[in-house]
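Predicted model, so just to flag it, every value in this text is computed and none were measured. Numbering starts at 1 and runs along the sequence shown.
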Amino acid sequence: MAPAKNKPKRKKPPPPNPIEAAITAWFHSTPLVQGSQRDELIAQAPKRWTVYEPMALLPAGAFGTGAWKHLLSNMPSDQADALWVRMLAEISKRTGGAPLTHLAVNEGIPAALPHSPSEERSRIGDSSEYDLAAENILRSPTGLRMLHGDFGPASTGGTAADFERAFWVSTKQNGVYQTWAPRWTMFSRGNIKEKARLLDFHRSRTAGSLENCWAVDLYAGIGYFTFSYAKLGMRVLCWELNPWSVEGLRRGAVGNGWSIRVVKGSDLALSMGDLLGGGERIIVFLEDNKNAAQRMGDLSGLNILHVNCGMLPTSEASWMDAWDMAARSESQEAWLHLHENVGVVDIKKRREEIERYFLDLAHEDGNGRTARVEHAELVKTFAPGVWHVVFDLYITRSSSIT
């Protein structure tokens with residue numbers, strides 16, 4: 001009798017999408033959805049999510065189709081909430097981490113914020129003030145759609161008590177811990193590539209060789225790029241306008257084991273010597289970065305190796321100040337990282353414009369420095385045909401650059 005051949009093992013079917021599984025189970029508990037309508041709703045439901053513990057974040061537009069809007073607006077809130085609870089449970093099972101408690105939809109960060117009627121009336125006579133006030137310079141995530149969970153008070157003054165009452169989430173990227181309050185602060189997941197690039201920037205240097213170097217981050221946020229410099233061993237001076245971002249930066253620094261000083265209120269009147277004297281790894285100023293150049297001018301002997309200008313759609317407003325900081329540095333070399341949104345067909349032209357701009361500054365200064373755009377890093381697409389680009393400007397003594 002011939003030996004039985006081993007039958008090939010059948011591949012296990014992939015596990016069901018947790019969002020689809022939650023919706024399907026939920027359908028069985030509600031009589032409002034029948035037959036083919038169920039297939040339509042499942043087809044229009046999101047398939048992806050991102051976890052920032054303890055929150056699951058759905059992509060922009062999730063549950064925003066006409067069919068979903070009609071269904072959710074015509075049912076009791078407790079039935080809709082039952083769907084979100086099931087969804088969190090299914091995603092929690094898939095990710096295997098701690099149970100997720102909050103669910104939201106990640107809508108875009110608006111470029112401008114609407115005024116209340118009283119604010120609009122008070123600004124009718126001054127269009128420049130109106131435009132400035134309307135601009136969302138803090139990059140507040142006002143479009144966030146909160147589906148389930150307590151995201152904290154809807155109105156706050158950014159005080160210590162407000163921070164304690166708020167809802168905070170966290171993640172790790174490149175081994176670096178970051179935390180923020182999603183109701184009040186944006187988080188750009190796509191910057192992970194640029195953070196990693198900065199961490200690898202000085203791979204040829206020996207360990208500890210950057211401990212006497214400084215970085216300056218003119219748009220610090222919650223520490224996107226600040227933390228990359230800190231992890232490399234540099235001390236960092238940074239500026240940020242949003243008190244919620246500063247608190248996220250402070251909590252993140254503590255979570256990574258780095259000392260930090262937040263300079264705000266009456267401390268802003270202290271001398272730079274006093275502010276730097278504590279030896280903290282990170283010093284963040286809660287103020288407009290237009291004050292940065294003047295503050296840096298009060299210092300001498302700093303070895304500034306990097307200045308990061310991480311503002312989109314353009315960081316051009318900070319370039320002259322960034323040049324002044326780097327040109328006064330004790331270091332023989334420095335890098336400016338200039339962030340821009342640029343059409344893909346215009347990148348070469350923009351690179352040449354930036355280099356010419358800084359060469360003209362170098363000529364005007366006559367301080368023996370020169371510059372070149374050493375690299376243009378395409379970080380992520382911002383819109384069709386438009387890239388978030390970081391131009392690395394290398395500054396050194398005229399006799400050193402080739």
Side-chain angles (χ1 to χ4, degrees), residues 194 197-198 200-205 209-210 212-220 225-226 228-229 232 234-239 272 276 285 288-343 346-379 387-402:
E194 180 62 8
R197 190 175 75 94
L198 293 178
D200 201 39
F201 209 88
H202 296 289
R203 62 183 177 277
S204 62
R205 293 205 180 197
S209 64
L210 298 173
N212 294 319
C213 298
W214 288 79
V216 178
D217 190 346
L218 292 173
Y219 301 93
F225 307 121
T226 294
S228 292
Y229 298 126
L232 287 172
M234 287 183 263
R235 293 183 71 185
V236 192
L237 289 166
C238 45
W239 275 261
M272 287 295 283
L276 271 61
F285 293 85
D288 197 312
N289 65 17
K290 68 183 181 182
N291 300 314
Q294 179 181 346
R295 290 190 181 279
M296 298 297 291
D298 295 337
L299 295 169
S300 61
L302 286 191
N303 184 4
I304 298 173
L305 197 57
H306 291 268
V307 183
N308 204 299
C309 305
M311 183 68 165
L312 295 176
T314 178
S315 59
E316 191 168 355
S318 65
W319 290 359
M320 187 173 292
D321 288 347
W323 168 265
D324 288 342
M325 294 173 196
R328 285 198 301 264
S329 171
E330 290 293 306
S331 175
Q332 292 294 309
E333 60 182 2
W335 282 268
L336 307 187
H337 304 286
L338 313 172
H339 294 239
E340 291 264 293
N341 283 343
V342 187
D346 298 321
I347 293 174
K348 182 176 183 294
K349 177 186 175 185
R350 189 57 173 154
R351 177 176 183 154
E352 293 169 352
E353 291 172 347
I354 290 171
E355 188 164 295
R356 174 48 51 194
Y357 173 86
F358 284 98
L359 285 173
D360 288 346
L361 286 181
H363 178 73
E364 292 171 13
D365 283 355
N367 61 5
R369 300 271 183 173
T370 191
R372 69 163 181 254
V373 176
E374 191 176 65
H375 177 68
E377 179 71 17
L378 277 63
V379 178
W387 277 85
H388 171 186
V389 182
V390 179
F391 295 94
D392 292 339
L393 188 88
Y394 180 53
I395 302 172
T396 189
R397 302 291 179 186
S398 300
S399 58
S400 303
I401 202 164
T402 58

Whether over 12 other heavy atoms sit under 6.0 Å from Q294 CD
no

Check whether more than 12 heavy atoms from other residues, nucleotides or ligands sit under 6.0 Å from atom CG of N212, and answer yes or no.
no

Under the salt bridge (Lys or Arg N to Asp or Glu O under 4.0 Å) definition, can you give me all pairs with a residue in residues 302-312, not counting sequence neighbours?
none

Name all pairs fulfilling the salt bridge (Lys or Arg N to Asp or Glu O under 4.0 Å) condition that reach into residues 324-343, sequence neighbours left out, sorted by first residue then second.
R205-E333, E340-R350

Can you find a pair of side-chain heavy atoms, one from [X] and one from [Y], that are under 4.5 Å apart?
X    : Y    : answer
L393 : Y357 : no
R295 : L237 : no
N303 : S329 : yes
L302 : M296 : yes
F225 : L198 : yes
L218 : W239 : yes

Identify the two heavy atoms, one from A362 and one from R369, that lie closest to each other, and give their separation to 0.1 Å.
CB-O, 3.3 Å

How far apart are the closest heavy atoms of V389 and I347, and which atoms are they?
CG2-CD1, 4.1 Å

By side chain to side chain contact (heavy atoms under 4.5 Å, CB included) - contacts of [X] (at least two apart):
X    : result
D200 : R203
A326 : A334, L336, I395
N341 : L312, P313, F382, V386, H388
E377 : K193, E194, R197, H375, V379, V390

Between [atom1] on residue [X] and [atom2] on residue [Y], distance to nearest 0.5 Å:
X    : Y    : atom1 : atom2 : value
W323 : L338 : CH2   : CG    : 11.5 Å
F358 : M320 : CZ    : CE    : 9.0 Å
M272 : L299 : CE    : CG    : 4.5 Å
W319 : F391 : CH2   : CZ    : 7.5 Å
C213 : H202 : SG    : NE2   : 7.5 Å
L359 : I354 : CG    : CD1   : 12.0 Å

Give the ring-plane orientation class for F201 versus H306, where under 30° counts as parallel, over 60° as perpendicular and anything between as tilted.
perpendicular

Salt-bridge contact E352-K348 (side-chain N to carboxylate O under 4.0 Å)
yes

Counting only N and O atoms by type, is there a donor-acceptor contact under 3.5 Å from the side chain of D365 to the main-chain atoms of N367?
no

If we ignore hydrogens and angles and just use 3.5 Å, is the side chain of S331 paired with the main-chain N or O of L305 as donor and acceptor?
no

So which of D392, N308, D217 actually passes side-chain hydrogen bond (donor to acceptor under 3.5 Å, both in side chains) with H337?
D392

